Amino acid sequence: MPLQPILSFLKSKESILFNSVVAILTVGGQQLFSFFAFSCPCSPSKNLNYGLAFLGVPALVLLVVGFAFNDNTWRLLMGSSNTHAVQERGRQSITMRYKLICFVCGNITGRAMVAPITWLAVTLLNGSYYVCALSEYADVEQYDILRSLTEAERRRFLSQFPCAQFVPANLTRVKDEVILELKYQSQVAGWILVAVVAVSIFVTLCVARCCSPLTFLHLKYWSSYVNNEQMLFEQAADQHSKIYALLNIKKFFGFSPGSKNITEIRIPSRWDWRTISGLDLLKTIDDEHCHYSLLHSWADLDPADGKLIHVNLENTPGSD
C-alpha cells in the first residue's frame, strides 16, 4: 500500500510529532489568550504582578498538565507505592534502579516541559507581557523631560506607556523608544531561551545515546517493540475487560448483550438490586484479587440462580 511507508515514518517519529503538535497548540493558545484576555492595567506596582502572572502562571499550569497527562508519571508513582513492586526492585542493584528512575523522570520532564517552554518563548518573542511588566522600571535617565520628576512620578508615567491613550503628547516619542527597548530585551531573552533549550536537548540526546548499551538499530527495534507492546496490551486489556464484564452481566440478567438465541432471562431479586446499587471504589479482597465494581462483588458472592423465565423472542411483538 502506498500509505504504508508514510504511516511507518510517522510512527517512527511519534515523539517528535507529539511535541510539535503540543508546541503548535501552545502557540495558537497563546495568541488567542493575548488577544482576548491580556489587558495591561498601566498602573504602578500592578504592571509587574500582572505581566509576570501572564508569563508564569500559564507556563506553570501547562507544566502540571504535562505531568498529569503522562501515563509514565502515574506508573512511576504507583509503582513506587506498591509494596510488592518495591520488594521486587529491592532485589535489583541500586545503580540499575537509580538509572531507571532517572531515565523515566527525564522522559516525563522532557515531555512536560514542551508546552511551558513554548509558552515562555512565544510570549518573550511577542514582547507584550514583558513590556507591561517592566515598563515602570525602564532606564530613562537620558531623557531630560523625565529627569526632573520624582521617582514616584516617573514610575507613574512609565507604567502608562503600554497604554497609548494615557500617554501625554509630549511623551509620545519617549514612549515609543522605551517600548522598543523593552521589546528588544524581551525578544533577545526569548531567542536566548530557544537557543539554550535547543542546545540542552541536543547535548542530552548525545549523552543518552553515548551511554546507551544498545546500538542504533537495536535502539530503534526496542522503541518499536515497546510501542507495539503497549498498543497490543491496551487492545487485549480492553477485550479482556469486556469479556469479564459480559460474564458478570450474564450472571445477573441471564443473558449477554447482543445474544440472538435467548431462551430464558433471569429476574433479579430486590436483594440483588440493592447489592449492585450505590457508589463503590476498587475493593481489595486479598493480596492477589480485588473487586472492580458492586456488580463484580455480587457475582463473586455466587448468589442463587434466582427466578428464571423462559422466553420465545420469535413470537414477541417487534422482534422482527
Side-chain angles (χ1 to χ4, degrees), residues 19-66 112-203:
N19 293 336
S20 301
V21 170
V22 171
I24 292 172
L25 291 176
T26 304
V27 171
Q30 193 276 337
Q31 295 298 320
L32 292 174
F33 200 66
S34 299
F35 182 79
F36 290 106
F38 184 76
S39 180
C40 188
C42 298
S43 176
S45 73
K46 293 182 180 179
N47 283 14
L48 180 62
N49 295 334
Y50 191 81
L52 292 180
F54 270 76
L55 268 170
V57 173
L60 178 61
V61 172
L62 290 172
L63 179 64
V64 173
V65 170
M113 291 292 290
V114 172
I117 288 178
T118 302
W119 175 275
L120 291 175
V122 172
T123 52
L124 287 173
L125 291 174
N126 178 275
S128 299
Y129 300 169
Y130 186 92
V131 169
C132 177
L134 298 181
S135 59
E136 61 184 288
Y137 301 101
D139 183 11
V140 290
E141 291 296 332
Q142 68 272 27
Y143 299 106
D144 295 335
I145 193 172
L146 296 175
R147 194 175 301 168
S148 60
L149 299 177
T150 64
E151 183 67 22
E153 291 175 335
R154 186 183 305 175
R155 288 183 60 182
R156 181 173 62 83
F157 276 113
L158 290 175
S159 66
Q160 294 176 346
F161 278 10
C163 304
Q165 66 272 23
F166 297 152
V167 181
N170 61 332
L171 292 178
T172 300
R173 179 175 170 274
V174 177
K175 182 262 297 182
D176 292 340
E177 292 182 1
V178 168
I179 289 179
L180 284 176
E181 176 66 21
L182 291 174
K183 283 194 172 183
Y184 156 77
Q185 297 174 6
S186 179
Q187 291 176 353
V188 168
W191 282 117
I192 291 176
L193 176 63
V194 171
V196 169
V197 170
V199 172
S200 300
I201 292 174
F202 178 73
V203 172

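Just so we're clear, the structure is a prediction, and the values are computed from it rather than from any experiment. Hydrogens, waters and symmetry mates play no part in the numbers below; they use all other heavy atoms, side chains included. Numbering of residues begins at 1 and proceeds along the displayed sequence.
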Tell me whether Y50 contacts the main-chain N or O of S39 through its side chain, where contact means a donor paired with an acceptor under 3.5 Å. yes
Exercise. Taking the side chain from T26 and the backbone from V22, do they hold a donor-acceptor pair closer than 3.5 Å?
Worked result: yes
**Request:** Show your reasoning for whether side chain to side chain contact (heavy atoms under 4.5 Å, CB included) applies to L124 and I192.
**Result:** CA-CA 10 Å; L124 287 173; I192 291 176; over 6 Å; no
What distance do [X] atom [atom1] and [Y] atom [atom2] have between them, rounded to the nearest 0.5 Å?
X    : Y    : atom1 : atom2 : result
N126 : Q31  : CG    : CD    : 6.0 Å
E177 : R173 : CD    : CZ    : 4.0 Å
T118 : L25  : OG1   : CG    : 10.5 Å
E136 : R156 : CD    : CZ    : 12.5 Å
Y129 : L134 : OH    : CG    : 15.0 Å
L193 : L120 : CG    : CG    : 6.5 Å

Using every non-hydrogen atom in the two residues, find where [X] and [Y] come nearest and quote the distance to one decimal.
X    : Y    : result
A59  : L55  : CB-O, 3.8 Å
L149 : R154 : O-NH2, 3.7 Å
A53  : P58  : O-CD, 3.2 Å
V178 : A138 : CG1-CB, 3.6 Å
F54  : W119 : O-NE1, 3.3 Å
F38  : S128 : CZ-O, 4.0 Å

Discussion item. Less than 4.5 Å apart, side chain to side chain, heavy atoms only: is that true for L146 and L171?
Written reply: yes
* **Any Y130 side-chain heavy atom under 4.5 Å of T123 side chain** => no
Answer yes or no: is there an ion pair linking R155 with E151, defined by an N-O contact shorter than 4.0 Å? no
Give every donor-acceptor pair under 3.5 Å between a side-chain atom in residues 42-49 and any protein atom, sequence neighbours left out.
from	atom 1	to	atom 2	distance (Å)
N47	OD1	C42	N	3.0
N47	OD1	S43	N	2.9
N47	ND2	C132	O	3.4
N47	ND2	S135	OG	3.3
N47	ND2	S159	O	2.9
N49	ND2	S45	O	3.3

So for atom OH, which belongs to Y137, do other residues, nucleotides or ligands contribute more than 12 heavy atoms lying within a distance under 6.0 Å? yes
Original post:
After noting the C-alpha distance and the side-chain angles of Y184 and L180, does the key distance pass the side chain to side chain contact (heavy atoms under 4.5 Å, CB included) rule?
Top reply: CA-CA 6 Å; Y184 156 77; L180 284 176; over 6 Å; no
Residues passing the side-chain hydrogen bond (donor to acceptor under 3.5 Å, both in side chains) test with D139, sequence neighbours excluded, are none
Applying side-chain contact (heavy atoms from CB on, under 4.5 Å) to I117 and not counting sequence neighbours gives M113, V197
